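First up is the structure itself, then whatever we jot down about it.
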Amino acid sequence: MLGFVSLAGFGILRATAHTKLLNFASNAGALLAFAFVATPWWGVGLAMGAAQIAGARVGAGMAQKQGARMIKPLLVVTSVVLALRLLWDML
């Protein structure tokens, strides 16, 4: 998303939408790769996919209603929490 905003000049909402599409494409590619190489747990994967779709719908609705004032703080908080977790795992 940051690349779409900084390099392509997209707005926050448009960049987030494009990021969702790229994330879906990478997940579909990973599913194909795992299906050929290993035995995926289809039930768990379908349940996780359904939860992802539901969460994306809720998040998209909130983003349309509240806009960048909600997305920016969530992006910062999520990035900081992820960085802290990675640092914690390294210790």
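Owing to the predicted nature of the structure, the values given are computational and were not obtained by experimental measurement. Heavy-atom basis, side chains included; hydrogens, waters and symmetry copies ignored.
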Who passes side chain to side chain contact (heavy atoms under 4.5 Å, CB included) against [X], sequence neighbours left out?
| X | answer |
| --- | --- |
| Asn27 | Asn23 |
| Val80 | Val76, Leu84 |
| Leu75 | Met1, Leu2, Ser79 |

query = Could you state the interatomic distance from CD (Gln52) to NZ (Lys20), rounded to the nearest 0.5 Å?
reply =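 It comes to 6.0 Å.
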query = If you link I, L, V, M, F, W and Y whenever their side-chain heavy atoms are under 4.5 Å apart, who else ends up in the same group as Trp42?
reply =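 Direct or chained contacts put Trp42 with Leu31.
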request  = Check which hydrophobic residues are tied to Met48 through side-chain heavy-atom contacts below 4.5 Å, counting indirect links as well, and list them.
outcome  =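 Joined to Met48, directly or through intermediates: Trp41, Val44.
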request  = Would you list the pairs meeting ring pair (Phe, Tyr, Trp, His ring centres under 6.0 Å) in which at least one residue belongs to residues 13-37, sequence neighbours left out?
outcome  =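 Pairs touching residues 13-37 that pass the test: Phe4-His18, Phe10-His18.
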task = Heavy atoms only: give me the nearest Ala15-Val5 pair and the separation to one decimal.
result =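 Closest approach of Ala15 to Val5: CB-CG2, 3.6 Å.
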message = Restricting to non-hydrogen atoms, name the atom on Arg69 and the atom on Gln66 that form the minimum distance, rounded to 0.1 Å.
response =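 Looking at all heavy atoms of both residues, the closest pair is CG-O, 3.2 Å.
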